[in-house]
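Notes follow once the structure below has been shown.
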Protein chains: 2
Amino acid sequence: MAKGDVSLSVIKRLPRYYRFLGEIKRAGIQRVSSGELSKKMGFTASQIRQDLNCFGGFGQQGYGYNVEQLYDEIGKILGVHQKAKTVLIGAGNLGRAVAAHMSFEERGFNLIGIFDKNEALAGQLVRNLPIRHIDGLYDFCRDNSPTVAVLCIPSESAKEITDELVKLGVKGFWNFSHYDIAVNHPEVAVENVHLSDSLMTLSFHVNNL
Amino acid sequence: MAKGDVSLSVIKRLPRYYRFLGEIKRAGIQRVSSGELSKKMGFTASQIRQDLNCFGGFGQQGYGYNVEQLYDEIGKILGVHQKAKTVLIGAGNLGRAVAAHMSFEERGFNLIGIFDKNEALAGQLVRNLPIRHIDGLYDFCRDNSPTVAVLCIPSESAKEITDELVKLGVKGFWNFSHYDIAVNHPEVAVENVHLSDSLMTLSFHVNNL
DNA sequence: ATAAGTTTGTTAAAAATTTGAAAAAGTTAG
DNA sequence: CTAACTTTTTCAAATTTTTAACAAACTTAT
């Protein structure tokens, strides 16, 4: 069950499995076969079976998969029950929307602080958390030891803040800035979102239908 | 120069090339080799050359690539100078942030309407556009013929609205809802964003460092 | 003008991913 | 309990993607 040897392609599909299994579970369905999942999700049944088997034999021949059990297993693999202490940097339009809109708690994170360089925002509540001035970040991190940071800041500041946060012990970055975070440390995980890349991909497709 | 035979992997890298070339261009650099790009971007030089050659020989032996020309060519391929008329559905936290934060105009889109089912929001301005009540969507589409829709709505409504918009002639969807849009029509392009999937992928990585 | 040095375009090899298919295991009905 | 059926597991083949290597083409300096 070594996790290092599971390919990134597989890992990136796990949240989708989790999402669909959640739906199925809420619909009250108790068992599901790879064939049924295949129809619903648009992956081949073979791929689904192969993916799941990277983490263990969750299914049973002649029966399929128990929805609830499989949902829980994937949840465990993804770590959705962890409570990784998380700070959000940048409380502009996007930062506030991300803070308010994402269910961090259902996905393995615990949002404990929101920071912005704009004094005017200080004290304003977002999701019951006060926006703090960025100058307090250092002390806050020393006192609370967050392990994850969400970056909703302009690309200019991204590199600098990232380096500082790494020094302060942050191990994971969810990056919405235009800048491509590429940390040298192998002990740091980065997920670059790049909404504009996604939008341009759509532009390509729309113009080449 | 048939575009149908370029793989999705390549296409998804194009916005990244565009982004880095933009940076290099703004820095005043006029020529660049695949080797230099490789260092900056983290792709292999071989891959960069191979990717670019899918669309034509933009480089010159012994010289490399002209930054401005390559930037323009990729821009054309991505269609960033198009003005695809675009409506945004759902003016909640996320919808408003997307409307305000994304530079649609620099990426091939022209945002012409914002809609929400919440009466209370009607009339409020976002980016100089008034939020309109969703009931007016049909007429608005008939009058203005948008070809792209950005969906920032709950998954429950996503399928229904998508189907209606397809009937009204929308050819491209940028989907932020939890729901996986899968349109049967081969003439419709969909880009599913799924921020929560990205967040859970980060959760996995953080928990498996 | 020539030679040395770069760098692309292109072809081929390697690696990774996806798909298919058979064997093993379990379920369900009689 | 047995036989027919379903579905996973596992292994192998096919496809796709990435990397490497080399010849052709251009630049630059002498």
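Here is the naming used below: chain letters follow the sequence lines, and residue numbers restart at 1 for every chain. All values reported here derive from a predicted model rather than from experimental measurement.
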How many angstroms lie between CG in B/Asp197 and OH in A/Tyr17, if you round to the nearest 0.5 Å?
12.0 Å

Charged N to carboxylate O under 4.0 angstrom, B/Asp163 versus B/Lys159?
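Looking at B/Lys159 together with B/Asp163, the answer is yes, because their closest N to O distance falls below 4.0 Å.
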
Hey, can you pull the donor-acceptor pairs under 3.5 Å for the side chains in residues 79-96 of chain B, sequence neighbours left out?
| unit_1 | atom_1 | unit_2 | atom_2 | d |
| --- | --- | --- | --- | --- |
| B/Lys85 | NZ | B/Asn144 | O | 2.9 |
| B/Thr86 | OG1 | B/Ala84 | O | 2.8 |
| B/Arg96 | NH1 | B/Ala91 | O | 2.8 |

Could you tell me the separation between the [atom1] atom of [X] and the [atom2] atom of [N], rounded to a whole number of Å?
{"X": "B/Gln50", "N": "C/dG9", "atom1": "CD", "atom2": "P", "value": "11 Å"}
{"X": "B/Asn66", "N": "C/dT8", "atom1": "CG", "atom2": "P", "value": "13 Å"}
{"X": "A/Asp5", "N": "C/dT17", "atom1": "CG", "atom2": "P", "value": "12 Å"}
{"X": "B/Tyr65", "N": "C/dT6", "atom1": "OH", "atom2": "C1'", "value": "13 Å"}
{"X": "A/Ile11", "N": "C/dA16", "atom1": "CD1", "atom2": "P", "value": "14 Å"}
{"X": "B/Ile48", "N": "C/dG9", "atom1": "CD1", "atom2": "P", "value": "12 Å"}

What do you reckon, is NZ of B/Lys25 surrounded by more than 12 foreign heavy atoms closer than 6.0 Å?
yes

Flag if over 12 foreign heavy atoms under 6.0 Å of CD, A/Glu105
yes

Under 3.5 Å, is there a donor-acceptor pair between the side chain of [X] and the main chain of [Y]?
{"X": "B/Ser38", "Y": "B/Ser34", "result": "no"}
{"X": "A/Ser203", "Y": "B/Leu78", "result": "yes"}
{"X": "B/Glu160", "Y": "B/Ser157", "result": "no"}

5'-most contact on DNA chain C: B/Asn53 or A/Leu8, nearest heavy atom basis?
B/Asn53

With sugar-phosphate taken as primed atoms, P, OP1 and OP2 and all else as base, the protein-contact string of nucleotides 22-30 of chain C at under 4.0 Å (heavy atoms; B, S, -) is --BBSSS--

For C/dT17, does either OP1 or OP2 sit under 4.0 Å from a side-chain N or O belonging to A/Ser9?
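True: A/Ser9 side-chain N/O within range (under 4.0 Å) of C/dT17 OP1/OP2.
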
Could you give the start and end, 5' to 3', of the contact zone on DNA chain D for chain B, using atoms under 4.0 Å from its heavy atoms?
D/dT17 to D/dT28

Base, sugar-phosphate alone, or nothing: which one does A/Phe43 contact when heavy atoms must sit under 4.0 Å apart?
nothing

Remember a base hit wins even if backbone is also touched, and classify A/Ser46 as base, sugar-phosphate or nothing at under 4.0 Å, heavy atoms.
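Base, at least one base atom sits under 4.0 Å.
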
Min side-chain heavy-atom separation [X]-[Y] under 4.5 Å:
{"X": "B/Phe173", "Y": "B/Val166", "result": "yes"}
{"X": "B/Glu73", "Y": "B/Phe55", "result": "no"}
{"X": "A/Phe104", "Y": "A/Trp174", "result": "yes"}

Closest non-hydrogen atoms of B/Ile11 and A/Phe204, given as atom of the first, atom of the second and distance, are CD1-CE2, 3.3 Å

Nearest heavy atoms of A/Ala189 and B/Leu202, plus distance in Å
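Reported closest heavy-atom pair: O-CD1, 4.0 Å.
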
Go through residues 32-40 of chain A and report each residue with a non-hydrogen atom lying under 4.0 Å from DNA chain D, sorted by number.
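Those residues whose heavy atoms fall under 4.0 Å from DNA chain D, taken from residues 32-40 of chain A in numerical order, are A/Ser33, A/Ser34.
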
Using a cut-off of strictly less than 4.0 Å between a heavy atom of the residue and any atom of DNA chain C, enumerate the qualifying residues of residues 12-25 of chain B by number.
none

Could you list the donor-acceptor pairs under 3.5 angstrom formed by side chains in residues 56-68 of chain B, with sequence neighbours left out?
| unit_1 | atom_1 | unit_2 | atom_2 | d |
| --- | --- | --- | --- | --- |
| B/Asn66 | OD1 | B/Glu68 | N | 3.1 |
| B/Asn66 | OD1 | B/Gln69 | N | 2.9 |

